[in-house]
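Remember, it's 1-based here, ligands and their atoms both numbered in the order they're listed. Just so we're clear, the structure is a prediction, and the values are computed from it rather than from any experiment.
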Amino acid sequence: MFVKQSVGDLHIFGGKSLFAYPLHVGRPNRPDKAVFMQYADEIWESAWLTNNGPKVQQFEAALCKLLGVKHAIPVCNATIGLQVAIRALGIDSGEVIVPSFTFVASAHCLEWQGITPVFCDIDPVTHCMDSQKIESLITPRTRAILPVHVWGNICDVEAIDALARKHHLKVLYDAAHAFGCSYKGKMAGNFGDAEVFSFHATKVMNTFEGGCITTNDDEVARVIRLMINFGFVGKDHVTHIGTNGKMSEISAAMGLASLSALDSFITHNRHNHEHYTRRIADISGLSVVQYNTEEKHNFHYVIVCVDESTGISRDAIVHVLEAENVLARRYFYPGCHRMEPYCSLYPHVGLLLPETEKLTDKLICLPNSAATTNEDVDSVCSLLHFVMENRQELERYFAGKIK
Ligand code: T4K
């Protein structure tokens, strides 16, 4: 399908876009419609729509079995899940160490509750928090560590847990990307004091909006269950501060249907990831971030790293792709520390985050979902080849036009 012969054929110069329709990064993975509709029908007939209904309970049981964890409490989204989990761990003030290289929710869930996020730099290979850089950030006000399993790469859990024990800190993992991923054979969901997954529409499996909090600690689970239901025990008795973090029945139905399709989503993701890797391998200056194939991984994110010496900026490449209807994303640009309110509160913190600063300018997230076909991947890769072959001309065109 690739038909560009000269630079003038690119859409930015007036040519026709490569794709007639937009190719999204976060196209939702949709399970078998009939399976979902059967669940939806049951919900309709039962007139039980939310408040820990039968589908939510069934979903929790299925999650616990899959992850090998004692509690996997469904919630309305991962951001509320993180807010609730950090409070259920007893943290309502002080500082929490968190990466800046993450979706802004990881920092907002703290700041929202008057807890100070202290940004930690990352490992340039895994893109997760650098466990070697945590200890120097610990102060008498530090209460917890909130690392993120970026792209489903599991953090350095052993070192982080050892540090937490040494300094009496809690550990809450933001596992928004890591559903279906493992470390040393143990599924994400079992690390730290608690973990939070996202089942947002754009994730490997979704419940429209949603997430779950996992823990093997019965007491923490008890408090979480109270907190997501306004603190109610029984009908009229409130024992705890709480919020509304409940998952609805229709979301749980989507979750149950999605769980039955999870293996096929992951197989498709992996096939695309391998295909992208093969086709991009011979483009000098670009490389696809690889995952540990000895562990379970969901292969949901296809991340391309643009070498600084390549002669064209990441942003110029993304600009060309977008014009061709390849809606690639710059996850995670510009890093939480460069967003409000953090950039005003801590204007110089970037000096302590050299790897974060470098990486936020280098990565491109390419479309990958059940909707991304083999032919799509081929065409996107051919486009990347074309862009890189013509990079000098493109960079001249972009000089001064974009960052
Ligand atoms: N921690 C981490 C590390 C996270 O990555 C996230 C969420 C969270 C915590 C918080 O989890 P939740 O509270 O959301 O459960 C998207 C998602 O909205 C967000 O959930 C996700 N991370 C983040 C990485 O990506 P945006 O602002 O980039 O989304 P948006 O609307 O631009 O959509 C991305 C692409 O997907 C677009 O090209 C359009 C396409 N799309 C999107 C939706 C919603 C569809 O085709 N269909 C859809 O229904 O944040």
### Query
With a 4.0 Å heavy-atom cut-off (strictly under), which part of Leu327 contacts ligand 1: side chain, backbone, both or neither?
neither
### Task
Salt-bridge test for Lys358 and Glu308: reply yes if a basic N is under 4.0 Å from a carboxylate O, no otherwise.
no
### Message
When you measure from the heavy atoms of Gly210 to every atom of ligand 1, does any distance fall below 4.0 Å?
### Response
yes
#### Entry: Proximity of Ser106 to ligand 1 by residue part, where a heavy atom lies under 4.0 Å
side chain
### Message
Please tell me if atom 50 (O) of ligand 1 is touched by the protein, where touching means a protein heavy-atom distance below 4.0 Å.
### Response
yes
### Query
Would you say the ring centroid of Phe103 lies under 6.0 angstrom from that of Tyr331?
no
### Query
Which heavy atom of the protein is the closest neighbour of atom 5 (O) of ligand 1, given with residue, atom name and distance?
His177 NE2, 2.9 Å
### Query
Any idea which atoms of ligand 1 are less than 4.0 Å away from a heavy-atom of Arg27?
45 (C), 46 (O)
Table please: side-chain donor-acceptor pairs of residues 82-99 below 3.5 Å, with sequence neighbours left out.
residue	atom	partner	partner atom	Å
Arg87	NE	Gln113	OE1	2.9
Ser93	OG	Arg143	NH1	3.4
Glu95	OE1	Thr139	OG1	2.8

### Message
Tell me the protein heavy atom at minimum distance from atom 15 (O) of ligand 1, and give that distance in Å.
### Response
Ser198 OG, 2.8 Å
### Query
Does the pair Arg222/Glu219 count as a salt bridge with the N-to-O cut at 4.0 Å?
yes
### Option of least heavy-atom distance to atom 32 (O) of ligand 1 (set: His108, Glu209, Arg329)
Arg329
### Message
Please list, in number order, the atoms of ligand 1 under 4.0 Å from a heavy atom of Thr102.
### Response
3 (C)
### Message
Pairing donors with acceptors under 3.5 angstrom, does anything connect the side chains of His268 and Asn368?
### Response
no
### Shortest reach to atom 48 (C) of ligand 1 by a heavy atom, considering only Pro28, Ala176, Ala107, Ala175
Pro28
### Query
Heavy atom under 4.0 Å from ligand 1: found in Val196's side chain, backbone, both, or neither?
neither
### Query
Which protein heavy atom lies closest to atom 13 (O) of ligand 1, and at what distance to 0.1 Å?
Thr79 OG1, 2.6 Å
### Query
Using a heavy-atom cut-off of under 4.0 Å, does the side chain or the backbone of Tyr331 touch ligand 1, or both, or neither?
side chain
#### Entry: Option whose closest heavy atom lies nearest to atom 22 (N) of ligand 1, chosen from Lys203, His200, Arg330
Lys203
### From the candidates Leu23, Thr202, Asn206, the one that places a heavy atom nearest atom 43 (C) of ligand 1
Thr202
### Task
Give a yes or no on whether the ring-centroid distance for Tyr397 and Phe13 is below 6.0 angstrom.
yes
### Message
Evaluate Asp174 for polar contact with ligand 1, using N/O atom pairs at a separation under 3.5 Å.
### Response
yes
### Task
Report yes if the distance between the aromatic ring centroids of His108 and Tyr342 is under 6.0 Å, otherwise no.
yes
### Message
Suppose I only count heavy atoms of Ala105 and a 4.0 Å limit; which atoms of ligand 1 are within that range?
### Response
8 (C), 9 (C), 10 (C)
### Task
Can you pull out the closest protein heavy atom to atom 8 (C) of ligand 1? Residue, atom name and distance to 0.1 Å, please.
Phe103 CD2, 3.7 Å
### Task
Give the residue, atom name and distance (to 0.1 Å) of the protein heavy atom nearest atom 39 (C) of ligand 1.
His24 ND1, 3.4 Å
### Query
Does a side chain donor of either His385 or Asp282 reach within less than 3.5 Å of an acceptor in the other side chain?
yes
### Query
Under the criterion side chain to side chain donor-acceptor pair (under 3.5 Å), which of Thr373, Thr372, Asn374 is the partner of Asp376?
Thr373
### Query
Under 6.0 Å between ring centres, would you say that holds for Trp151 and Phe299?
no
### Query
Going by atom types alone, do Ser17 and Glu324 pair a side-chain donor with an acceptor below 3.5 Å?
no
### atom 35 (C) of ligand 1: the protein heavy-atom neighbour that sits closest, reported with distance to 0.1 Å
Gly26 N, 3.7 Å
### Numbered atoms of ligand 1 (with element) below 4.0 Å of Val148, judged on heavy atoms
3 (C)
### Query
Okay, side chain of Ser369, backbone of Ala371: is any donor-acceptor separation there less than 3.5 Å?
yes
### Message
Filter on salt bridge (Lys or Arg N to Asp or Glu O under 4.0 Å), then keep only pairs touching residues 172-187, sequence neighbours left out; what's left?
### Response
Glu158-Lys184
